[in-house]
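Here is the structure we will look at.
In what follows, chains carry the letters A, B, and so on, assigned in the order in which the sequence lines appear, proteins first and then strands, with residues in each chain numbered from 1.
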Amino acid sequence: MAAIYLDHAATTFVLPEVRAAMEPYLGGPPGNPSSIHQFGRRAKAAVEDARDAVAALIGAPPSDVVFTSGGTEADNAALIGAALALRDRGRHIVTTAIEHHAVLHAAQWLETMGFEVSYVEPRPDGVVDAGMVARVMRSDTILVSVMWVNNETGAIQPVREAAGLARERGAIFHTDAVQAVPWLPVDVEEAGCDLLSMSAHKLHGPSGIGALYIRRGTPWMPLLRGGAQERGRRAGTENLPGVVGFGVAAARLLSKRRTGFEHAARLKAALLQAAREEFDGEIVVHSPERAVPAIVNVAFPGAAAETVLMNLDLQGIAASSGSACTSGSLQPSHVLKAMGVPDSVIRSSVRFSFSVETTMEEVETAGRAAGRIARRLRRRNSHG
Amino acid sequence: MIYLDNSATTPPLPEVVETMASAAREWFGNPSSLHRLGMEAENALNAARAEVARLLGVKPKEIVFTSGGTEAINSALVGTALAHRHRGRHIVTTAVEHAAVLETCRFLATLGFEVTEVPPGPDGVAAVEAVQAAVREDTILVSMMHVNNETGAVQPVEALGRWLANRPKVIFHVDAVQSFGKMAVPLQGADLISVSGHKIHGPKGVGALYIREGLKWTPFVHGGGQEGGRRSGTQAVPAIVGFAAACRWWRDRRAEAWDRLNRLGRAFAQRLREKVPDCRVNSPAGGVPYIVNLSIPGFKGEVLVHALEGRGVYVSTASACSSRSAKGSHVLRAMGVPREVEEGALRFSFSPLNDVSEVEEAVDALARAVEELRPVMRR
């Protein structure tokens with residue numbers, strides 16, 4: 001394990017207690033929750049306990065929560081399922097330019113299927129204006145999807161306002177809450193969401209499991225077909241250990257979330273201060289006032305992010321540039337681009353992301369190291 | 001406890017559990033991350049991909065990990081239909097496929113595709129000639145299962161694949177969920193093959209789709225572009241390495257496992273003839289030895305499942321996926337069996353981890369249950 005891991009927005013480690021809860025379900029007697037015999041029934045009870053815990057995290061009735069293979073599947077199922085169910089009523093979808101690729105690429109796929117999609121640009125601070133969402137809506141808009149918290153900048157989006165405006169005009173409202181659930185008191189009733197996506201491995205649960213909240217009565221059709229699992233809303237034998245692990249991680253998060261946000265705010269301030277002490281230029285912070293402080297996206301102008309990250313990695317510090325999914329491809333961040341950040345600044349942007357388990361000492365060490373490395377690189381560049 | 005419901009799900013092998021537990025303990029990063037942790041996860045993923053590919057006999061880059069057999073099947077069918085919709089809109093499959101195939105085909109029908117479901121013969125096997133006859137000029141996709149999950153009937157995938165190999169415009173998908181690991185999956189002519197982890201003593205929540213190199217196909221789950229752009233979503237590394245460990249187990253003891261399954265099938269059949277002579281076997285003579293579907297006149301399947309459970313023997317009625325929906329068996333109905341036989345159907349499915357005494361005891365338990373319940377049922 002890296003000495004210091006600050007890439008929790010990409011994935012988090014599985015907590016020991018989560019792992020311990022999963023272990024009996026990894027081996028043990030076989031349980032297909034759809035089987036009618038005793039092991040099947042026992043498996044079913046475990047699934048329902050986990051569903052209660054996950055539902056509690058978003059203030060939803062458990063029966064409205066459907067387990068999926070992860071956040072990406074949840075996003076795909078939300079968009080495609082709602083669009084196809086409503087295609088006779090209209091073919092227009094509204095989303096934003098700063099969504100995760102799971103939403104953007106699902107939307108683009110829907111475009112190939114005859115839907116029309118409007119992508120609302122954010123303001124320079126990375127926040128989408130709810131009024132802009134309303135402005136691009138049309139009489140044939142069937143679905144609006146706005147993420148709750150941006151995965152690259154931590155910017156909190158005006159989900160409640162956007163949901164209200166969307167539903168007022170008769171559209172279904174979806175939010176990708178993958179990065180919000182670990183930090184904010186998410187409540188589907190208060191926010192007025194019809195569909196909400198979440199992922200376990202971003203909150204110290206296992207990878208390969210997520211959930212989609214589907215408000216009862218929402219026009220929607222399943223993405224995965226072929227079996228009556230999840231009450232006909234998601235076919236496929238349930239990933240029992242994954243579901244159980246998600247449930248335990250959710251229960252634990254519920255008790256920690258209240259203090260987690262403030263903890264992250266202190267970590268963010270400490271990291272920035274440490275970096276500023278070492279770096280001799282002006283650090284650009286890509287996060288607005290209203291942001292989840294666990295995601296700190298900063299540019300060290302004059303220092304290439306990839307080189308900074310490589311040097312950090314050599315020192316046992318893991319961070320990233322943008323989201324993990326796109327960092328593999330080395331594409332410049334579509335989020336920062338949409339915010340109007342110049343290419344040169346994007347290329348020197350690094351994302352540090354925390355979990356409730358991250359310590360002050362870790363972020364101070366990482367901040368200092370990043371500042372020092374960036375200073376060296378900047379000097380070398382300006383001299384040569 | 002005697003567990004004979006291995007077609008529904010199998011207990012993960014100890015080495016699978018150990019592999020998964022240690023993967024979760026050592027903690028893998030996100031395989032797409034560029035730092036060292038991400039690289040380690042990616043290396044583990046690649047090794048697993050090679051292992052799954054080896055058992056199937058294909059190239060590692062032709063394997064895409066999915067969340068299970070159902071997703072593999074959905075992706076295969078939807079991804080092919082949409083990629084080839086401009087050439088044609090006709091799909092051929094059989095009436096005895098798994099619900100994942102049939103329901104996906106019905107969904108595609110709502111998108112403007114036309115689906116022909118070829119009925120099987122009374123033995124539950126769809127004749128290759130009948131499938132060939134259903135293929136038209138505008139057929140873009142044929143989907144056939146290798147082994148039927150309810151009866152164990154082996155479908156003519158091999159012969160059909162040979163025929164379709166000369167018709168490259170028709171994409172051929174094979175649902176090999178019930179045969180993978182136990183038997184060699186015929187590769188000739190196959191463009192797509194779906195397999196599942198938890199049916200071969202691997203973990204739940206993981207499966208794979210073989211996509212022949214060069215095949216025109218479009219992804220089903222969209223996003224970050226993982227799996228070479230073919231399946232988005234952060235990979236579940238522990239489950240995937242657990243799946244690979246199960247593949248390794250089967251590869252190491254292929255002949256031995258097959259031999260064991262044959263012995264189990266023979267022992268079960270013989271004991272059945274001795275102890276429950278009035279039972280009707282719904283599985284065809286040429287089916288796989290590890291799935292036996294039978295009915296006992298006058299008995300509902302569900303009653304016997306519970307009676308057997310009370311005796312520590314775990315079996316099922318039809319497939320687990322549909323057993324809660326109480327719609328009966330579309331497979332047996334397609335075979336034209338009388339309603340009473342369909343309602344009485346019981347499925348015993350074996351694994352190489354079972355031994356001969358277990359299957360014999362299961363038959364004895366069945367015989368006793370029938371004996372005790374008969375006066376009640378007759379009333």
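Most heavy-atom pairs under 4.5 Å with chain B, from the set A/Pro16, A/Ala102, A/Pro241: that is A/Ala102. Interface remark: of the candidates A/Leu309, A/Val103, A/Leu223, A/Leu223 forms the most heavy-atom pairs closer than 4.5 Å to chain B. By number of non-hydrogen pairs under 4.5 angstrom with chain A, the leading residue of B/Thr104, B/Leu102, B/Ile73 is B/Thr104.
Using a 4.5 Å cut-off between heavy atoms, A/Thr112 touches chain B through backbone and side chain atoms alike. Within the 4.5 angstrom heavy-atom criterion, no atom of A/Leu104 approaches chain B. Contacts of A/Asn239 with chain B are made by both backbone and side-chain atoms, with heavy-atom separations under 4.5 Å. Contact of A/Met22 with chain B is not made at all, since no heavy-atom distance falls under 4.5 Å. When heavy atoms are compared at a cutoff of 4.5 Å, A/Ala319 approaches chain B solely by way of its backbone atoms N, CA, C and O. No part of A/Leu312 comes within reach of chain B, as not one of its non-hydrogen atoms sits under 4.5 angstrom from that chain.
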Extract all donor-acceptor atom pairs below 3.5 Å that involve side chains of residues 12-19 of chain B and protein atoms in other chains or at least two apart in sequence.
residue : atom : partner : partner atom : Å
B/Glu18 : OE2  : B/Arg25 : NH2          : 3.4
B/Thr19 : OG1  : B/Glu15 : O            : 2.6

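In this structure, the separation between CD on B/Gln226 and NE2 on A/His101 is 11.0 Å, given to the nearest 0.5 Å. Atoms OG1 and CD, from A/Thr11 and B/Gln235 in turn, are 11.0 Å apart once rounded to the nearest 0.5 Å.
Between A/Gly226 and B/His98, the shortest heavy-atom distance links the atoms O-CE1, 3.7 Å. Among all heavy-atom pairs drawn from A/Glu73 and B/Ser67, the shortest one is OE1-OG, 4.1 Å. Between B/Thr70 and A/Arg225 the shortest heavy-atom distance is CG2-O, 3.6 Å.
Within the structure, no pair that satisfies the salt bridge (charged side-chain N to carboxylate O under 4.0 Å, His left out) test touches residues 77-87 of chain A, not counting sequence neighbours.
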